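All chains are named by letter (A, B, ...) in the order of the sequence lines, taking the proteins before the strands, and each is independently numbered beginning at 1. No hydrogens, no waters, no symmetry mates; every other heavy atom, side chains included, goes into these values. Just so it is clear, the structure is predicted and the values come from calculations on it, not from any experiment.
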There are 2 protein chains.
Amino acid sequence: MMKQVPVGVSARHIHLSQEHVEKLFGAGYQLTEMKPLSQPGQFASNETVEVVGTKGSFPKVRILGPARSRTQLEISRTDAFSIGVNPPVRESGNIAGTPGITIKGPAGEVTIEEGVIVAARHIHFHTSDAEKWNIADKQLLKVRLGGERGMVLENVVARVSPDFALDMHIDTDEANAAGAKTGDMAEIVE
Amino acid sequence: MMKQVPVGVSARHIHLSQEHVEKLFGAGYQLTEMKPLSQPGQFASNETVEVVGTKGSFPKVRILGPARSRTQLEISRTDAFSIGVNPPVRESGNIAGTPGITIKGPAGEVTIEEGVIVAARHIHFHTSDAEKWNIADKQLLKVRLGGERGMVLENVVARVSPDFALDMHIDTDEANAAGAKTGDMAEIVE
């Protein structure tokens, strides 16, 4: 059985806590939805912030909503070199010991002590997909992206939940290295 | 037998014809060596040029010497998006039908009609390495880069010559996607 998964390429983005949304955009501010993402309930917001590293900044980093418990900036390794920050590869939410960054919005700025990561590539599985393919939460998979720059990615983290929709998330370095784009199909090979 | 190859990460760079060296730096100008590269006789020059795309420019692109028969700019896919040019993945020297670009130096500027590529990942083999491992010129190999972001790259082009030293060349997108750096070891797996 071919285990095929659609690819979603994640550009640099940020998740904000509601506390930080209000510090950056004003008291009581709520993120507004620009468009839905592949995962149910998640959205790209109309709002952006500036993030400022030691060597440069990105003036318009998209905020993904809704607000989360902790603020987290996800950038590629290329981005990291570009602005001068040295984040580890981490799963989303696992930010202990990661570098901080300064975030600027129209109503204020915030400097977080930790929260910058290079996101570990991963696949969201709905529980039913995982059961069908006998894949466990946190399992490390090998996944092939085909084409001229074809490659087999190792250590692709399986994330299983009844709240997820089947989608493989890679960052722009991985997408560019593989010549892949959102909507391409990847194959779980092991 | 393990077929291990050192990795060299190629940042964006340009090769210039002697005609273009002189247009950009002045009549009779000769590139000067800053440091030798892994391939015998090749060097990073002290000189840089600006390359200008439709959406942006890179102010200091390193020239690799010596001068070649044709001018060729090698950039990553990330670079390509950044400055607004859409080059194909090509082997060095195969520039027919590729996009052009404007190049600026201290003494003038040149607009080439073609010559911008994303370099196809490749391994330089000395003839003796290729014979020992039974690898033919132009053969497409699968090569594994290990570690946290481990991956197996397909379609790695073998280039065999008595003038070459054993070295695998990948670009910054590939290096960043794999968490690899110059001096790491890769393994030919097929």
Determine the option with the most heavy-atom pairs under 4.5 angstrom with chain B, choosing from Val152(A), Asp173(A), Asn176(A).
-> Asn176(A)
Side chain, backbone, both or neither of Arg144(A) within contact of chain B (heavy atoms, under 4.5 Å) = side chain
Check against salt bridge (charged side-chain N to carboxylate O under 4.0 Å, His left out), Arg149(A) and Glu174(B) | CA-CA 10 Å; Arg149(A) 298 192 117 184; Glu174(B) 292 163 330; 3.2 Å; yes
Max heavy-atom pair count under 4.5 Å with chain A, selected residue of Glu154(B), Met151(B), Arg77(B) = Glu154(B)
Chain A contact via Arg121(B) - side chain, backbone, both or neither, heavy atoms under 4.5 Å | side chain
Do other residues, nucleotides or ligands put more than 12 heavy atoms under 6.0 Å from Lys132(B) NZ?
-> yes
Fit a plane to each ring of Tyr29(B) and Phe25(B), take the angle between them on a 0 to 90° scale, and name the class: parallel (under 30°), tilted (30 to 60°) or perpendicular (over 60°).
-> parallel
Relative to chain A, which segment of Val156(B) carries a heavy atom at a distance below 4.5 Å: side chain, backbone, both, or neither?
-> neither
Go through the steps for Glu190(B) and Lys142(B) under the test salt bridge (charged side-chain N to carboxylate O under 4.0 Å, His left out), then give the verdict.
-> CA-CA 5 Å; Glu190(B) 195 177 312; Lys142(B) 293 183 182 177; 3.6 Å; yes
NZ or CZ of Arg12(A) within 45° of Phe58(A) ring axis and under 6.0 Å | yes
